Every structure is written in C-alpha cells, then in structure tokens.
Amino acid sequence: MAASRGSEKFQNFYDILYIYPENGCLARRCSPCYTLCRISRFDASRGRGAGEVMIDLKLVQKQPEVLAKALADRHSELDVNEFLSLDARRRALLAEVESLRNRRNTASGQVATLRREGKDAAPLRAELGGLSDRIKELDGQTAQARADVEAWLMRVPNIPDASVPVGRDETENVEVARWGRPRAFDFPAREHGDLGTALGGLDFERAARLTGSRFVVSLGWAARLERALVNFFLDRHTRHEDYIEVSPPYMVNRATMTGTGQLPKFEEDLFKLREWEYYLIPTAEVPLTNLHAGEALDEADLPRAYCAATPCFRSEAGSAGKDTRGIIRMHQFTKVEMVRFAHPDDSFNQLELMCGHARQLLELLELPYRVITLCTGDMGFGSAKTYDVEVWLPAQNTYREISSCSNCIDFQARRADIRFKPKGGKTAFVHTLNGSGLPTGRTIAAILENGQQKDGSVVLPKALVPYMDGAEVIEPR
RNA sequence: GGAGGGGUAGCGAAGUGGCCGUAACGCGCUCGACUCGAAAUCGAGUUAUCGGUUAAUAGCCGGUACGUGGGUUCAAAUCCCACCCCCUCCGCCA
C-alpha cells in the first residue's frame, strides 16, 4: 500500500524494508522504526520503565544507511554509528550476564535435587557463593547500557510515510486542497487583535498585568464566543461523528508526556510544576492518546475516537518576537482535540477522515482554508504524515495554521504501549492519530478578520448564531 | 493524614522458599467435531519479551518478567524494607 503511494525518492528506501509481509501493512511494519524503536514498555500509571529494551539491531547492522537516510530527511543530529556502538556494548554485557545466570539456575536446580535426595549440597553452594554478586554487578552495567541505548532511541523521530514529500523546511510543503474564496474588501482589513480590543472583547493589557505577555483576557462576547465554539465543535464531533467526549487531567506525569513524544526531547516547550514531576499539557492529544497506555484493545473497538476541549499550555520557547500581535501564539489557549486509535491497515484512511472533520468545521463557519502536506523537514517529531489546515487571515493576507492532523502510526503506540489483539493473531501496536478540531483562539481570530465590516462590527457565521443566543453581529460599543 | 484489604496472562482468579511463569481453574479467542446452518455441547490449542543461532518476526538454545525498586538466600510470586496505584472505613477539605 505504501509502495503505491510512495514517491520515487522513497521507493528504494521502503523496498529494503519489505521484509515482514504477514500483516498486510507492509511499509509501516517494515519501517526501520519498527525494528529499531522497540523501546521498553513502561507503565504509565507508575511513571517509570518496567520492561526490557527491545531492539533488533540486525537490520541496522546490515543496512545502517536506512536509518541514516531517514534521520537525514528529518535533519536530525543523531548519528547511527553512536547507536551501533552503544547497542554492541549492551549486547556484549547481556551475553555475559545471561551465561552466568544460566549457570546459577542449573546449579540451583542441582542443589534442590541433592537436598531432596538427602545428599550434601554444601560444596556446590559454596561454589555459587560469589556468583550472585558478580551477576548483580553486571546487571548494573547492563542496565546502564540499556538506558544509554534507550535514551538514544527516544530521540529518534518517526519515519516519514512514503507519500510525504522530502523537503528542508516549510517552503517545501505541498498544497493539496483549497476551499472557499477570500473575501474582497473595499476597506483596509483590520487585524483581529485590534478588532477584538476595539469591540471590548479582548484585553491584552490586563492579561499582561495578571500574568505576563502571550496571555489574553476574553470579556463579554469574546468569552461567550469561546464557549460557543467549544460547544459547537464538541457537538459536531459527538453528534455527527463518532468521537467520545472526554474531560481529562490538564497536568500529566512524565511517563505520559514521554508516551506521546513530548519528552524527553522537548522539555523546554513545556510548563512543569516545581514541586511535582507533573507537566501542564500542551494539547489534549497527550492525555487522550495516553488514555489507553499499557492496554490491549479489542480489534473490534477500532477505530476508536475521542475528543476533548482543554486549555493548552506552551512555553513557546524559541519563538520570541514571533506573532506578538493578536492571539495567534499564546502561552495558554483553549482547543478541542480529536484523537483516533486505528488499525494499522486503516490508519491512513482515518487520517483523511479526521482531517475532513477539521475541514468541515471551517466550512460550517464559512472560513476559507487550504490544506497542505508537511514535508519531511517540517513535520512534528512523532508524525509519519501531517496535514496542516490553514485558515485565511485577511489582515495578514495569508493562510495560517488552524489545525494539524497527524498519523503517528505506531510511534506513540510503541512508546505508550498501546496494542490491540487481532483475531487469531499476535498482539500488535495500534496506530494513533491526532488533530485539532479546532482551537478557539485562532478560530476567533479568523471569524473576526473574515467577518469584519467597515464600521468595525463583525458578522458571525450562521452556524454559531444558535450558540450565541441568536446574536448575528458583534457591534461596537 | 490514619487503619485494613488488594495489584499474577486479553479478563477474572488459584498459588506462602526449589517439583509454580510453556502459571491450576473459569471466561475470551483460534481450530476441529456435532449441525442444513447457528446456539448449546464436546475435543484440541492459546503469555510476552530479550539475547544467540538463522533468510526468517519459522524452529531450536538460553535469559527475563507475578505493581515498582532494593534486601535476605545456592534458590523468591512466596520472607524482609521502601515506594506507587486501586478498593473499604475514619479524619480533613473545594
């Protein structure tokens, strides 16, 4: 299936990997990620690693360039050779300690036999005296070697799907769809921050006083509009689509953040509690995807869909000076998130479906948008394929991201240990998808800018009128 | 915060130092028998993972895993210590 989608550039790449054809999802199951990143399972509820590191090094030993290429397409700084030496050390230690254990186990069995027969086991016991200490010592070294390997693997990004264009940065993303026509203005379109402030709904000054920059206070119609949008979005997802509404924790532990890929690499993007090993969620994707961490779902339960409206907290480290006007980039914003758990054979269909759900919302809100496929250099860490939906913002005279829909395939499922049991087959990792549907802030920005009139009033989309107690227009005071 | 109970395979649950982790028993699942077909019934099968070997995620050999970590022991699901989570009751509290 991936082969038919595959770009020429990736064709070779995936052909190498067509090794495990039994499960019908060739490219994904054969991706280097599958063989490489069989990272230790951890029990999210307990917040620490519980399993063995699971690595199949053979493929990398034979084809180290496979992973190297994937990393290069991602512009990753990771060096495959570093991994190879780390893992070689791990395996050498493992072989040694395992043979010692074997010796101890057989000898212990002999002691038991001798005792049962009433013979003297003392000499044998004396011989085994120092064995456990030596094993303990080697165990420590092995655990460290394993941790080194694991730490390396946790920083390996997901492998791009064959259909993803190879590219350096956002300039090489590919537009795949466009809906609606940007309105022609017979007056200069005003920026949403100005409009919202003038209409008395947005207050940046007081927010800065309460907290700091990149926060906003919504008042009156703006607060009401935010609530209306949350209800409108959730109603669509739960009444017209198959999503189960969730109200999750807004702060989660370290294992949960690791499960979806925010940690260990992106700690600086997160707000962390000082006295607790808890983090504020940057998106509801984190609690929703981890909802089934450590579980094995019924195959019949797939696909399974959840949605949640939550605040999202982001430090926006590294974006100083970017989007300083308006409410495009806040430390806290409210977003409705969609998450889907899919069968590996079905996940790319589910991506199209879910992206369609996000697009539908914009169409109902009469907001022009376009859809782009992110290239390899612009994709998020955990994603194998991402569509960005971009809404038209007249004041910026451009399309801006309002939803990002990603298929993470088995990347997060492996980290969070989310599996399913196929009928008559071995348990396998599910595929996880997530998408915004939609954030309230950027949606309000788009509604204000696209619906503005010459007198500074804003016409609301018809779909929202019932959610706004019948109000059709936001009037200047 | 205090007292008590609990955490074992996909699920429930037995198991108090070696013959019990290819984990009793039950459910589920897979295959088969019976049946026109199904249900019911009967029979058989069914933990995961790491390392080695290998073309192999097939076999075979070995290791590990009974909430997590540590300790005692030749040997730990089992004994000891600490911690986490769940349940019941008490206290406090939005």
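In the text below, chain A, chain B and the rest are named by the order of the sequence lines, each starting its count at 1. From a predicted model like this one, the values you see are computed outputs, not experimental measurements. Every heavy atom of this structure was used, including side-chain atoms; hydrogens, water molecules and symmetry mates were not.
- For A:R314, the side-chain hydrogen bond (donor to acceptor under 3.5 Å, both in side chains) test picks out no residue, with sequence neighbours left out.
- Every residue two or more places apart in sequence or in another chain that forms a side-chain hydrogen bond (donor to acceptor under 3.5 Å, both in side chains) with A:H357 is listed here: A:E241, A:Y243.
- B:U8 and B:A77: their C1' atoms are spaced 7 Å apart (whole Å).
- With A:D148 contributing its side chain and A:L86 its backbone, the two residues share no donor-acceptor pair below 3.5 Å.
- Applying the 4.0 Å criterion to OP1 and OP2 of B:G52, one finds that A:R91 has a side-chain N or O inside that range.
- Atom-to-atom, CG of A:D417 to P of B:A48 comes out at 13 Å; the value is rounded to the nearest Å.
- For the side chain to side chain contact (heavy atoms under 4.5 Å, CB included) test with A:T440, the passing option among A:I327, A:V230, A:V336 is A:V230; the others fail.
- Listed by first and then second residue, the salt bridge (Lys or Arg N to Asp or Glu O under 4.0 Å) pairs that reach into residues 201-214 of chain A are A:D203-A:R206, sequence neighbours excluded.
- Comparing the C1' positions of B:A65 and B:G2 gives an interatomic distance of 35 Å, to the nearest angstrom.
- Taking the C1' atom of each, B:U57 and B:U53 are spaced 15 Å apart, rounded to whole Å.
- Only the P atoms considered, B:A14 is 23 Å distant from B:C29, to the nearest whole Å.
- Among the atoms of the strands shown, only primed sugar atoms or phosphate atoms (P, OP1, OP2) are found under 4.0 Å from some heavy atom of A:S132.
- Partners of A:D139 under the side-chain hydrogen bond (donor to acceptor under 3.5 Å, both in side chains) rule, at least two apart in sequence or in another chain, are A:R101.
- Aromatic ring centres of A:F411 and A:H431 lie farther apart than the 6.0 Å criterion allows.
- Mapping A:A95 and A:R104 onto RNA chain B by nearest heavy atom places A:A95 at the nucleotide closer to the 5' end.
- Rounding to whole angstrom units, CG of residue A:D139 and C1' of B:G71 are separated by 15 Å.
- Nucleotide B:C19 holds its C1' atom 15 Å from the CG atom of A:L114, rounded to whole Å.
- For A:N102, a side-chain nitrogen or oxygen approaches OP1 or OP2 of B:G63 to under 4.0 Å.
- Stem analysis of RNA chain B (Watson-Crick or G-U pairs, both distances under 3.5 Å, runs of at least three) returns B:1-7 with B:84-90, B:10-12 with B:25-27, B:28-33 with B:41-46, B:47-53 with B:59-65, B:67-71 with B:79-83.
- Between B:C79 and B:U73, the distance separating the two C1' atoms is 10 Å to the nearest Å.
- Checking the phosphate oxygens (OP1, OP2) of B:U73, no side-chain nitrogen or oxygen of A:K136 falls inside 4.0 Å.
- Taking atom C1' on both B:C92 and B:G18, the two are 49 Å apart, rounded to the nearest angstrom.
- One atom, CG of A:D87, and another, P of B:C50, lie 12 Å apart when rounded to the nearest Å.
- Taking atom C1' on both nucleotides, B:G37 is separated from B:A23 by 39 Å, rounded to a whole Å.
- Going from the C1' atom of B:C83 to that of B:A94 covers 28 Å, rounded to whole Å.
- If you measure from atom CG of A:L94 to atom C1' of B:A65, you get 14 Å, rounded to the nearest angstrom.
- Taking 3.5 Å as the limit, the base of B:G10 and the side chain of A:R419 contain no donor-acceptor pair of atoms between them.
- Summary of the strand contacts: A:S108 and A:R103 both lie near RNA chain B, and taking for each the nucleotide with the nearest heavy atom, the more 5' one is attributed to A:S108.
- Considering only the side chain of A:A112, B:G18 comes nearest among B:G63, B:C74, B:G18.
- With sequence neighbours excluded, no residue forms a salt bridge (charged side-chain N to carboxylate O under 4.0 Å, His left out) with A:K265.
- Aromatic rings of A:F313 and A:H331 (six-membered ring for Trp) have centroids beyond the 6.0 Å cut-off, not under it.
- In this structure, CZ of A:R254 is placed 20 Å from P of B:U68, rounded to the nearest angstrom.
- Rounding to whole angstrom units, CZ of residue A:F429 and C1' of B:U57 are separated by 13 Å.
- Atom CG in A:N105 sits about 14 Å away from atom C1' in B:U73, given to the nearest Å.
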